[in-house]
Structures are given as C-alpha cells and as structure tokens.
Engineer: 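Structure below; questions to follow.
Any value given below was found using the heavy atoms of this structure, including those in side chains, with hydrogens, waters and symmetry copies removed. Every number for a ligand or one of its atoms is a count from 1 in the order of the listing.
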Amino acid sequence: MKDLHPDLERIIISKEQIQVRVKELAAQIQKDYAETDRIILIGILKGAFIFLADLARELDIPHIVDFMAVSSYGKSGAQSGAVRLVLDVREPVVNEHVIVVEDIVDSGNTLNYLYHTLQGRQPASIKTCALIEKKRESLDVPIDYLGFTIPDVWVVGYGLDYADTHRTLPFVAELKSEVYQK
Ligand code: IMP
Ligand code: MG
C-alpha cells in the first residue's frame, strides 16, 4: 500500500468496509422499495457524488438520480447554521419517492434544510441516507439509512474533502488537526 499522505492521521473507514456497507444499504433500500414504481435518489454535491454512484449501481429497482447543492454560511458567523440552495433538482419531486443521499451529517443543518425544502414539494415519500454521521447536534430528521458513525474529527476521502483536496481517496481518513486548525 502507498504511504498515507502527510496531511492524514489514519484511515477511519477502509475501502473494503465501505464496499461492504454500501452493498448492505442498497440491499436494505431495495427491500423497502420493492413494491415502488421508481425512486429518485437526490445526491448532495459535491460530497455525495462517489457514494451515490456506488449506491445507485448496487440497486436493481427502478431509480433515477438527481442532484442538489447547498452552501452553508460561516459556521462561526452571525448566520451560523444557515444553509443556502445553490443548485436545485432538474425533475420535480411531486408524487415521487425521494431518498436524499448525503456524504456526512455533522450538525445536521444541511440535512434538516434539504429535508424540509423537499418535504414542502409534496413528494409521495421522503427518506434520508447518509454515509457517515458525526454528532448531529440539531438534527430533527431521522437518518433512515446510515453507513457509519464516527468521532467528531474532520475526515476526507470517498467524496469528502478539505478545501477541495483529498476528495477522491478510496477510503475515509482523519485529517491531522494541525492541517485544519492552521
Ligand atoms: P452539517 O450541516 O453541519 O451537518 O454539515 C454537513 C456538511 O458539512 C456535509 O455535507 C459536508 O459537506 C460538510 N462536512 C462536515 N463534516 C465534514 C468532514 O469531516 N469532512 C468533510 N466534510 C464535512
Ligand atoms: Mg456535503
């Protein structure tokens, strides 16, 4: 194996662990929606693009993929926690069965915002799927399909980034604290 990049502390979730868990999540989704005409998987950019690609390719039930993107205002600023929609879905979600696919849930603000935004558009149903959960301080929506729970550290890889770096690593690794605290 190649040496770990010097910015990285350790691998938290290996490529193999991710592969196994993504298959399990897909199997669970497949079972739950076996009687459904089709589902819409809405990936949240950019972080969820790799997870969504792997998850969707494990599904044998009719599904389409779509995307949304949000930006969050400075976490320490006056509008702490406020989320802004920067890219919306291409297809309307009314009367559709929606699964929101997120990379990681930290405070839960992003998922809360997206869940309530989509909920207001009268989908037939809405569920959430996240690869990773951290602390979920203000989360009042359930994570219906959850891959892993990790400690409150900054992680990168498998779609997750630090200032757009390390995003395409095949595993999830902890970033050294001196890298993100400098
Ligand atoms: P929340 O709104 O606080 O739950 O933050 C969720 C968003 O913050 C995620 O969709 C990620 O884009 C980003 N995020 C939170 N923690 C991490 C991390 O450890 N690594 C990379 N991105 C993260
Ligand atoms: Mg994200």
Side-chain angles (χ1 to χ4, degrees), residues 4-15 17-18 21-22 25 40-56 65-89 93 98-120 126-182:
L4 212 52
H5 187 283
D7 286 356
L8 306 179
E9 183 69 43
R10 65 188 174 106
I11 294 177
I12 294 204
I13 311 169
S14 71
K15 185 177 168 180
Q17 284 175 297
I18 295 171
R21 193 71 188 116
V22 169
L25 292 174
I40 302 188
L41 301 168
I42 301 179
I44 310 311
L45 296 173
K46 300 178 190 174
F49 86 107
I50 293 178
F51 177 40
L52 177 60
D54 285 349
L55 185 72
V65 297
D66 211 329
F67 294 95
M68 290 174 96
V70 295
S71 92
S72 31
Y73 294 98
K75 296 207 166 156
S76 55
Q79 284 182 302
S80 174
V83 177
R84 184 171 59 96
L85 191 62
V86 296
L87 177 79
D88 208 341
V89 285
V93 300
V98 170
I99 304 180
V100 181
V101 181
E102 249 288 43
D103 51 358
I104 188 165
V105 178
D106 185 0
S107 69
N109 285 329
T110 307
L111 197 60
N112 267 340
Y113 171 83
L114 290 166
Y115 185 89
H116 291 112
T117 300
L118 290 165
Q119 181 78 45
I126 177 164
K127 285 196 185 182
T128 62
C129 173
L131 179 70
I132 298 170
E133 172 193 58
K134 282 209 283 200
K135 52 188 189 294
R136 62 188 313 195
E137 276 161 357
S138 58
L139 190 64
D140 66 7
V141 303
I143 304 178
D144 299 292
Y145 305 99
L146 175 64
F148 303 92
T149 301
I150 63 160
D152 189 11
V153 293
W154 196 266
V155 287
V156 293
Y158 200 69
L160 294 152
D161 71 304
Y162 170 67
D164 259 318
T165 62
H166 306 300
R167 198 188 287 283
T168 58
L169 290 170
F171 46 76
V172 173
E174 176 181 349
L175 198 68
K176 283 183 182 161
S177 56
E178 61 260 35
V179 177
Y180 63 93
Q181 277 163 5
K182 74 182 170 207

Engineer: List ligand 1 atoms under 4.0 Å from Asn109, heavy atoms only on the residue side.
Structural biologist: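 Numbered from 1, ligand 1 contributes 2 (O), 4 (O).
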
Engineer: Just heavy atoms, cut-off under 4.0 Å: does Val153 contact ligand 1 by side chain, backbone, both, or neither?
Structural biologist: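 Under 4.0 Å from ligand 1, Val153 contributes backbone atoms alone.
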
Engineer: Suppose I only count heavy atoms of Ser107 and a 4.0 Å limit; which atoms of ligand 1 are within that range?
Structural biologist: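 Selected atoms, number and element: 1 (P), 2 (O), 3 (O), 4 (O).
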
Engineer: Provide the number and element of each atom of ligand 1 under 4.0 Å from a heavy atom of Val155.
Structural biologist: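 Going through ligand 1 atom by atom, the ones under 4.0 Å from Val155 are 18 (C), 19 (O), 20 (N), 21 (C).
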
Engineer: Any atoms of ligand 1 less than 4.0 Å from a non-hydrogen atom of Lys134? List them with their elements.
Structural biologist: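 With Lys134 as reference, the close atoms of ligand 1 come out as 16 (N), 17 (C), 18 (C), 19 (O).
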
Engineer: Asp66: what forms a side chain to side chain donor-acceptor pair (under 3.5 Å) with it, not counting sequence neighbours?
Structural biologist: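 For Asp66, no residue satisfies side chain to side chain donor-acceptor pair (under 3.5 Å) once neighbours in sequence are set aside.
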
Engineer: Give the numbers and elements of all ligand 1 atoms closer than 4.0 Å to a heavy atom of Gly108.
Structural biologist: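 Those qualifying, in numeric order: 1 (P), 3 (O), 4 (O).
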
Engineer: Sub-3.5 Å donor-acceptor pair from the side chain of Arg167 to the main-chain atoms of Gly159, do we have one?
Structural biologist: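 Flag set: sc Arg167 to bb Gly159 pair under 3.5 Å.
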
Engineer: Heavy-atom contact under 4.0 Å between Gly47 and ligand 1?
Structural biologist: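 Distance cut 4.0 Å: Gly47 fails for ligand 1.
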
Engineer: Purely on distance, is any nitrogen or oxygen of Val156 under 3.5 Å from one on ligand 1?
Structural biologist: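 No: no nitrogen or oxygen of Val156 is under 3.5 Å from one in ligand 1.
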
Engineer: Taking 4.0 angstrom as the limit and counting only heavy atoms of Thr110, give me the atoms of ligand 1 inside it, by number and element.
Structural biologist: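 Reading through ligand 1 atom by atom, the close ones are 1 (P), 2 (O), 5 (O), 6 (C).
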
Engineer: What distance separates Ile50 CD1 from Leu55 CG, expressed to the nearest 0.5 Å?
Structural biologist: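 So the CD1 of Ile50 and the CG of Leu55 are separated by 13.5 Å.
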
Engineer: Between His166 and His5, how do the two ring planes meet: parallel, tilted or perpendicular, split at 30° and 60°?
Structural biologist: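 His166 vs His5 ring planes: perpendicular.
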
Engineer: Any idea which heavy atoms bring Leu25 and Leu146 closest together, and the distance?
Structural biologist: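 Smallest interatomic distance, heavy atoms only, reads CD2-O, 3.7 Å.
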
Engineer: Under 4.0 Å from any heavy atom of Glu102, which atoms of ligand 1 are there?
Structural biologist: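 That gives atoms 10 (O) of ligand 1.
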
Engineer: Under 4.0 Å from any heavy atom of Asp161, which atoms of ligand 1 are there?
Structural biologist: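 What qualifies from ligand 1 is 21 (C).
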
Engineer: For Tyr162 and Asp7, test the side chains for any donor-to-acceptor distance below 3.5 angstrom and give the result as yes or no.
Structural biologist: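 The criterion, which ignores hydrogens and geometry beyond distance, is not satisfied for Asp7 and Tyr162.
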
Engineer: For the side chain of Lys134 and the backbone of Val153, is there at least one donor-acceptor N/O pair under 3.5 Å apart?
Structural biologist: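 Answer holds: yes.
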
Engineer: Please answer whether the main-chain N or O of Pro142 pairs with a side-chain N or O of Thr128 as donor and acceptor at a distance below 3.5 Å.
Structural biologist: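 Confirmed, Thr128 side chain pairs with Pro142 backbone.
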
Engineer: Is any N or O atom of Leu160, backbone or side chain, closer than 3.5 Å to an N or O atom of ligand 1?
Structural biologist: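 No; the residue has no nitrogen or oxygen that sits under 3.5 Å from a nitrogen or oxygen of the ligand.
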
